[in-house]
Amino acid sequence: MNAPGRAAALLMLAVWLGLLGWAVPARWGIEDSLRPQLERQAAVLAGSVSRLVGTALGHGLALTELRGVEAHLDDLRQRHPALAYIAVKDRQGVGRYASGVPEAGRGPEVPIPAGPQGDAPAGTVEVHVSAAYVQASLRESALDLLVVLVVVAVLVRELMQYVAQAGPGPVAPAAAGSALPAGARLARLRVPLLLFMLSEELTRALVPGFARELALQGSSAPSVSPDLLAGLPIVVFMAVVALGQPVLAVWSERTGRRRALAWGVALGGAGLVGAATASGLAGFVTWRALAGLGWAMVFVAAQGTVVAHTTPSERTRAFAGFVSAILVAGVCGPPLGGMVADHLGTRWGFVLAGSVAGLALLAVRLLPADPRPLPGGAPGPTAPPPLTHRALPRLLRHRGFVQVTFGAALPAKLLLAGLCFYLVPLVLAAQGAPAAATGRAQMVYALALLAVMPLATRAAESGVSSARLVGG
């Protein structure tokens, strides 16, 4: 291992040791405080039941004459899954009304007031906190901490790659683009690209559930299934991205890729922040369409930059870095967005995503200016001419293009959008899983890609046919 590799390994080890030194005490602190906190919350719920029963007794009813108490207790347990058992007992400690199964030991007890005269309590309300719920919450906390460890390690790796490849010092936006080597330019492009893709990935675990919630709010009895409507924002986003790219590729060539990148990041960020303010499904879909337009602008501008600053022999490796930035965002974004949604709410998840897009816009402003075109208007010696809509019929007659597009790329995209972006969040939400769990499930997809892609690349370079790899 050379000196830079050893330095990178030592830095990664130091980061991991520091994170473990923070995570282990944090895990112990959560374990020590979680059950007492849940018992205090359970005691508050028991107090509300106690006051309700006390009010009824104050009107002259006997404890055994009350109606609907067990239904009310069942409803409380359904709305508060941390409760394993809640019971209303008389003065002798005999349970008169109960819901759930008691846990081992005794839980918090709240006296039931007998009346305004300060008489002895008419009984008690006893609650038990679910041990299974506590263990599940501790597992969730441990997984969240593990996700943070993975995300920080991935981002540190990205930072080290940037420092190694981008060259020293910032480049002023007005600086001549030709003064910067192509490799350093592409490395600097990776920062705004990664931040923007991260902003979109932060919402992956949130979009279907939020759309379903808005669909249910819009009508007491919707004519279309809310689960079906939950896929509408994804369909619109993907349609805008797919249909917009051919036109936007030509536009970005004429406008300038750095400027097109800035416009795309700005529109994408506006779409994310606007989604947080949506009060209905129609507005949410509109904001997602705007985010899709921004995503398409960023994609074609970044892709065009890679093509313009690489030779044909360098292009495969450069595009591997381009795809890697998207996959890194796919690893980091969904679980972080899910954790924010669980703790602060779904709308704050979109606000966070919009804020990260704002950071991406600042990073775009630090990119060097586009190189001046050569005499005669050509953008550069290695850049092919931009495709136009007239090239589409010619592409569709190209057998290799048709096979790759319709035999591999399109099915893969359908599986990604339909399974990972749509079905996974809805299925996990139906099972009662938090948004963070959905994010972790989507994170596994990106981790699998990061692990398999180098193996598939080596297999292809060693002579394994592309058809076998795609089929596999």
*Write down the atom of Val364, the atom of Pro192, and the distance for their closest heavy-atom approach.*
CG2-CB, 3.5 Å
*Should we count CD of Glu65 as having more than 12 external heavy atoms under 6.0 Å?*
yes
*Mind checking whether Val147 and Met339 have side chains closer than 4.5 Å, heavy atoms only?*
yes
*Rounded to the nearest 0.5 Å, how far apart are CZ of Arg212 and CG of Leu229?*
10.0 Å
*Could you tell me which residues satisfy side-chain contact (heavy atoms from CB on, under 4.5 Å) with Gln431, sequence neighbours excluded, listed by chain and number?*
Val427, Leu428
*Distance, nearest 0.5 Å, that separates CZ of Arg440 from CG of Leu447*: 12.5 Å
For residues 260-285, which side-chain donor-acceptor pairs fall under 3.5 Å, sequence neighbours excluded?
from, atom 1, to, atom 2, distance (Å)
Thr277, OG1, Gly274, O, 2.7

*Give, for atom OG1 of Thr286 and atom CG of Leu290, the distance between the pair rounded to the nearest 0.5 Å.*
9.5 Å
*So do Val88 and Leu63 actually touch side chain to side chain, heavy atoms under 4.5 Å?*
yes
_Looking at every heavy atom in both Pro108 and Ala43, which two are closest together, and how far apart are they?_
CB-CB, 4.2 Å
_Sequence-distant partners of Ala446, side-chain contact (heavy atoms from CB on, under 4.5 Å), two or more places apart_ = Val331
*Report yes if some heavy atom in the side chain of Phe237 is under 4.5 Å from a heavy atom in the side chain of Ile234; otherwise report no.*
no
_Shortest non-hydrogen contact from Leu83 toward Ala42_ = CD2-CB, 3.7 Å
*asked:* For Val129, run the side-chain contact (heavy atoms from CB on, under 4.5 Å) check against Gln41, Glu39, Glu103 and tell me which one passes.
replied: Glu39
_Using a 3.5 Å distance criterion without hydrogens, assess whether the side chain of Asp342 forms a donor-acceptor pair with backbone atoms of Pro434._
no
*Give the minimum heavy-atom separation between Val424 and Ala441, together with the two atoms involved.*
CG1-CB, 4.0 Å
*With the side chain counted from C-beta on, respond yes when Pro113 and Ser50 share a heavy-atom pair under 4.5 Å apart, and no when they do not.*
yes
*Hey, is the main chain of Pro121 close enough, under 3.5 Å, to the side chain of Arg91 for a donor-acceptor pair?*
yes
*To the nearest 0.5 Å, what is the distance between OH (Tyr422) and CE (Met238)?*
14.0 Å
_Residue of the set Leu189, Leu193, Leu195 for which side-chain contact (heavy atoms from CB on, under 4.5 Å) holds with Val191_ = Leu195
*asked:* Quick one, Val125 and Glu109 - any side-chain contact, counting heavy atoms below 4.5 Å?
replied: no
_Exercise: identify the closest heavy-atom pair between Ser130 and Pro81_ = CB-O, 4.3 Å
*Could you please spell out the steps behind the side-chain contact (heavy atoms from CB on, under 4.5 Å) verdict for Glu201 and Gln442?*
CA-CA 10 Å; Glu201 292 294 337; Gln442 293 176 321; over 6 Å; no
_Inter-residue atom distance Ser99.OG - Ile86.CD1, 0.5 Å rounding_ = 7.5 Å
*Contact check, side chains of Glu126 and Lys89, non-hydrogen atoms, under 4.5 Å*: yes
_Using side-chain heavy atoms (C-beta onward) and a distance below 4.5 Å, is Thr64 in contact with Asp90?_
no
*Audit row: Leu76, Val49, side-chain contact (heavy atoms from CB on, under 4.5 Å) steps and yes/no*: CA-CA 10 Å; Leu76 274 180; Val49 174; 3.4 Å; yes
*Pair Thr203-Phe350, side-chain contact (heavy atoms from CB on, under 4.5 Å): steps then yes or no*: CA-CA 6 Å; Thr203 68; Phe350 284 100; 3.7 Å; yes
_Could you tell me if the side chain of Leu416 sits less than 4.5 Å from the side chain of Tyr445, heavy atoms only?_
yes
_Gly304 backbone acceptor or donor facing Arg257 side chain under 3.5 Å_ = yes
*Identified side-chain hydrogen bond (donor to acceptor under 3.5 Å, both in side chains) partner of Asp75 from the options His72, Arg79, Arg77*: Arg79
_Evaluate Val207 against Phe421 for side-chain contact (heavy atoms from CB on, under 4.5 Å), listing each step before the verdict._
CA-CA 8 Å; Val207 169; Phe421 295 168; over 6 Å; no
*Looking only at non-hydrogen atoms, find the nearest pair between Val127 and Ala46 and report the distance.*
CG1-CB, 3.8 Å
_Salt bridge present between Glu200 and Arg288 (N-O < 4.0 angstrom)_ = yes
_Phe196 side, atom CZ; Ile326 side, atom CD1 - distance, nearest 0.5 Å_ = 10.5 Å
*Donor-acceptor pair, side chain of Arg347 and main chain of Ala341, under 3.5 angstrom*: no
